[in-house]
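Have a look at the structure below, then the notes.
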Amino acid sequence: MKATTGRRRGRTRATAAALCLLAGALGAAAAAGPPAAALTAPVSITADDLSTWQTNGIVWSMAASADGVVYAGGTFSTVRPPGAASGTSEEPAVNFAAFDTATGAPTGCSLSFTLSSGTATVRSLVLSPDGETLYAGGRFGAVNGVGVSNIAAVDTATCTPRQDFKVAVSATVRALAVTDDTVYLGGDFKSVAGQTRNYFAAVTTGAALKPWTANADEVGRAVELTPDGRHVVLGGDFFTVNGTSSHALAVVNTTTGALDKSYPGFIPNTSTVQDLTSDAEQFYTANEGTGGGVFDGRIALDLTTLNQVWRDTCLGATQAILVHNGVLYSGSHAHDCASMGEFPDQPRKHLLAQSVDDPKLLPWFPDTNDGIGEPVGPRVMAQTDKGGRHYLWVGGEFTTVNSKAQQGLTRFADGPDTGAPWVPNVSVSTVAPGKVDVNWQTSFDTDDGTLTYRIYKDGASTPVHTTTGYSVFWDRPQLRWTDTDVAPGETHTYRITASDGTNTSAKSPAVSATVADKAESYPARVLSDGASLYWRYDEGTSTFAADTGAGLDNGFLRNTPSYRQTPAAVSGPSTAIGFNGSTQYAYSNRGRSDTTRFSVETWIRTTTTKGGKIIGFGSNTMELSGKYDKHVYMLNNGRLTFGTSNNGGQTVSTIGAYNDGAWHHVVATQGSGGMALYVDGQLRAVNPLYTKNQSYTGYWRVGGDNLASWPNRPTSNFFAGQIDETAVYPTALTAAQVSAHYALRNSG
């Protein structure tokens with residue numbers, strides 16, 4: 001993590017770090033370059049969580065003072081030290097606690113927010129501009145025994161409720177914003193001080209109701225003042241404001257409440273605005289949806305025009321957003337950002353970061369779990385400084401942070417960066433004579449995208465090659481360095497480290513290679529015929545299937561398939577891989593959409609009677625795909641079917657069965673000549689009319705994926721057996737090419 005310092009003033013940018021390729025002594029690496037946005041990524045907060053006290057319930061709201069105090073409100077009754085299990089070492093804290101931002105420990109400020117019947121909760125906290133008053137909204141009837149009605153003001157110097165601020169609000173207050181003389185509130189209420197105010201209202205700092213009127217028809221969840229003091233941005237569930245159509249978002253005048261900007265149809269009716277924040281030039285929305293066609297991401301809007309600058313379309317119920325130093329941080333349970341070119345169907349990620357100028361995700365990936373209650377995880381964020389350090393606090397309903405037990409609260413800072421990148425996965429290849437290809441899957445670091453890799457040969461302490469590559473958890477491109485300082489018959493070992501500039505991983509386990517004196521015939525022919533992906537499955541224990549070809553499209557191996565199975569399908573120093581038929585499969589790192597013409601080739605060996613997908617193209621990587629075709633699957637009786645989709649499924653199938661325990665060579669092609677399926681070098685099924693397939697962005701998958709609705713669907717979506725020498729081509733192989741490949745199986 002390379003920290004930047006100072007607060008963002010207007011639209012400043014972090015200085016782009018120069019990317020240096022340190023030339024090694026030998027060969028050259030194919031380096032994965034970072035996207036343009038990554039070069040100026042202004043992330044200054046590390047992903048390393050700091051030791052912080054915890055709550056025994058949900059933190060819904062936070063406010064941070066200029067002197068380094070963080071106030072937290074929610075639905076909880078105790079706090080406890082970091083590391084303490086629930087129910088141990090607890091101290092009373094009735095829906096409110098205050099913490100020192102630098103230590104994460106409670107301060108002496110203790111307040112109790114209660115309700116005579118039902119569950120009290122504090123849903124919003126905001127400090128006055130001078131920091132002397134803390135305003136609290138929620139569902140409560142008393143603060144330290146002093147009667148109030150869902151809103152209260154606290155003197156921060158004495159940590160006592162102000163007796164001179166009392167106004168009756170008829171229901172829960174969910175959002176607050178304050179100026180020197182006005183408190184704006186949003187929530188579930190329909191009256192304030194005995195007068196009609198539907199879901200939004202304004203009172204003076206002396207608790208007198210103001211004539212300001214911005215009546216909505218549904219719940220108000222967020223209120224944000226624009227920096228120029230002219231506007232109040234409203235967010236929530238509503239469909240109208242002051243009788244004008246404006247769903248979930250509206251901008252109104254700070255003096256009258258009159259609409260300055262409405263947003264009919266701007267946000268889908270199935271989505272709401274949960275949070276708002278702003279900087280000097282833009283304001284931002286956090287959105288949550290339910291049902292079909294939802295919008296769950298973030299939007300940036302220009303403060304001058306009030307129009308959209310960008311939006312992301314990640315799915316996953318954004319709850320909280322915060323801007324710091326040019327970065328928009330968010331809390332959600334994002335699980336699919338494929339629509340914006342980011343990660344597809346991954347396990348939920350609860351904390352994300354984006355440049356304020358671009359929705360592309362930045363390499364910052366600390367994480368929580370969903371937690372308790374209405375499971376989302378993070379619910380609120382706050383930022384403040386102390387002792388020259390910047391702190392980002394996160395509250396919510398989570399019970400773990402970075403896979404460690406931690407409930408309700410956590411915090412991060414701009415250093416030190418203590419987390420090392422993952423140890424690289426490494427493979428070697430000796431397909432060509434007189435050289436060794438060292439392949440590795442780029443690593444992952446929770447708060448750095450560009451990492452430095454050092455290759456160590458034969459146990460030396462000095463690297464023989466150094467290079468850099470960019471990676472994030474869903475996109476870990478393969479890199480390669482070719483060692484030509486070798487001779488046929490020699491055996492060499494290689495290890496690799498990954499470094500973020502501060503922390504360095506352990507060295508990868510040593511992998512060895514014996515230099516060949518002649519080319520291996522089978523892989524040489526596969527490569528010369530133009531394979532764009534070629535997995536030989538010669539790795540040991542890793543999640544990495546190296547691409548032997550120039551495409552460097554490595555595979556992710558899921559759920560620990562059986563490595564180094566012998567005998568392999570073709571002769572030579574190679575092994576196969578085994579899949580269990582229920583959970584194990586591989587998918588390509590790179591998403592593709594150019595599949596009009598293609599060939600898939602692989603070897604299989606099985607005795608299964610449950611069938612399963614052998615190879616195919618699917619829209620998902622971590623789950624069964626929603627779109628899936630261009631596949632070869634085995635039926636329960638051992639016959640093979642090749643299917644593509646073009647306004648419905650189109651298939652060709654073999655007559656013979658191939659679940660006899662022997663190795664079989666399978667090739668499926670589609671192009672201008674239609675669809676063809678070859679087994680053991682012979683054409684077994686063909687249809688010249690099937691020349692088109694479905695176009696979508698997807699990934700090549702081996703060993704399993706969805707087969708729902710396909711003809712003669714087997715018992716299992718997953719293939720039980722051994723697979724070897726998988727290749728994909730951007731063309732339709734000819735019958736002569738297929739026959740030649742099969743003939744080379746024993747040629748070494």
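This structure is a prediction, so every number in the text was calculated from the model and none was measured. Only heavy atoms go into these numbers, but all of them, side chains included; no hydrogens, no water, no symmetry mates.
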Within the structure provided, determine whether [X] and [Y] are in side-chain contact (heavy-atom separation under 4.5 Å).
X: Val428; Y: His492; answer: no
X: Arg605; Y: Pro567; answer: yes
X: Asp538; Y: Ser429; answer: no
X: Gln565; Y: Thr575; answer: no
X: Trp364; Y: Asp448; answer: no
X: Trp481; Y: Tyr453; answer: no
X: Asp417; Y: Asp48; answer: yes
X: Lys457; Y: Val486; answer: yes

As an exercise, state the distance from [atom1] of [X] to [atom2] of [Y], rounded to the nearest 0.5 Å.
X: Ile372; Y: Thr399; atom1: CD1; atom2: OG1; answer: 7.5 Å
X: Arg597; Y: Thr669; atom1: CZ; atom2: OG1; answer: 11.5 Å
X: Leu557; Y: Asn425; atom1: CG; atom2: CG; answer: 9.0 Å
X: Thr608; Y: Leu635; atom1: OG1; atom2: CG; answer: 11.5 Å
X: Gln478; Y: Thr548; atom1: CD; atom2: OG1; answer: 8.0 Å
X: Ile723; Y: Thr602; atom1: CD1; atom2: OG1; answer: 5.5 Å

Strictly by modelled atom types, are [X] and [Y] linked by a side-chain donor-acceptor pair under 3.5 Å?
X: Thr491; Y: Thr514; value: yes
X: Asp705; Y: Tyr699; value: no
X: Gln406; Y: Asp49; value: no
X: Thr504; Y: Ser499; value: yes
X: Glu725; Y: Tyr534; value: yes
X: Thr318; Y: Ser332; value: no
X: Thr609; Y: Asn659; value: no

Keeping the roles fixed (side chain from [X], backbone from [Y]), state whether a donor-acceptor pair exists under 3.5 Å.
X: Ser625; Y: Ser619; value: yes
X: Arg495; Y: Ala506; value: no
X: Gln584; Y: Asn559; value: yes
X: Ser443; Y: Trp422; value: yes
X: Asp345; Y: Met622; value: yes
X: Gln407; Y: Ala405; value: no
X: Asn402; Y: Asp367; value: yes
X: Asp296; Y: Gly316; value: yes
X: Thr697; Y: Ser593; value: no
X: Arg639; Y: Thr654; value: yes

Testing the basics here: between [X] and [Y], what is the closest heavy-atom pair and its distance to 0.1 Å?
X: Pro424; Y: Ile496; answer: CD-O, 3.7 Å
X: Val376; Y: Asp370; answer: O-OD1, 3.4 Å
X: Ala708; Y: Asn717; answer: N-OD1, 4.5 Å
X: Asp447; Y: Ala47; answer: OD2-N, 2.8 Å
X: Asn554; Y: Gln441; answer: OD1-NE2, 3.1 Å
X: Asp724; Y: Arg536; answer: OD1-O, 3.1 Å

Handout entry: Pairs involving residues 553-578, ordered by first then second residue, that meet salt bridge (charged side-chain N to carboxylate O under 4.0 Å, His left out) (sequence neighbours left out)
Key =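 Salt bridge (charged side-chain N to carboxylate O under 4.0 Å, His left out) check on residues 553-578 returns Asp553-Arg592.
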Problem - Asn712, CG atom: more than 12 neighbouring heavy atoms under 6.0 Å - result: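 No - once you tally the heavy atoms of other residues, nucleotides and ligands closer than 6.0 Å, there are 12 at most.
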Exercise for the section: Check whether more than 12 heavy atoms from other residues, nucleotides or ligands sit under 6.0 Å from atom NZ of Lys610, and answer yes or no. Expected result: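 Incorrect, the count does not exceed 12.
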Exercise for the section: Check the pair Ser582, Phe718 against side-chain contact (heavy atoms from CB on, under 4.5 Å), reporting the backbone distance first and the verdict last. Expected result: CA-CA 5 Å; Ser582 59; Phe718 293 84; 5.5 Å; no
Classify the ring geometry of [X] against [Y]: parallel below 30°, tilted from 30° to 60°, perpendicular beyond 60°.
X: Tyr742; Y: His665; result: parallel
X: Tyr585; Y: Tyr587; result: tilted
X: His350; Y: His333; result: perpendicular
X: Trp603; Y: Tyr522; result: perpendicular

Exercise for the section: Output, in order, the C-alpha distance, side-chain angles, deciding distance and verdict of side-chain contact (heavy atoms from CB on, under 4.5 Å) for Ile614 and Val666. Expected result: CA-CA 10 Å; Ile614 297 165; Val666 180; 5.5 Å; no
Practice task
Check whether NZ of the Lys or CZ of the Arg Lys349 lies under 6.0 Å from the centre of the six-membered ring of Phe473 and within 45 degrees of that ring's axis.
Solution key: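 Positive - Lys349 is close enough to the ring of Phe473 and near enough to its axis.
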Exercise for the section: Can you sort out the partners of Arg525 under salt bridge (Lys or Arg N to Asp or Glu O under 4.0 Å), two or more places apart, ordered by chain and number? Expected result: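 In terms of salt bridge (Lys or Arg N to Asp or Glu O under 4.0 Å), with neighbours along the sequence ignored, Arg525 is linked to Asp529.
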Practice task
Go through the structure and list residues passing salt bridge (Lys or Arg N to Asp or Glu O under 4.0 Å) with Glu539, not counting sequence neighbours.
Solution key: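 In terms of salt bridge (Lys or Arg N to Asp or Glu O under 4.0 Å), with neighbours along the sequence ignored, Glu539 is linked to no residue.
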Handout entry: Criterion ring-ring contact (aromatic ring centres under 6.0 Å, His included) against His631, the qualifying member of Trp700, Phe598, Trp710, Phe617
Key =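 For His631, the ring-ring contact (aromatic ring centres under 6.0 Å, His included) check succeeds only for Trp710.
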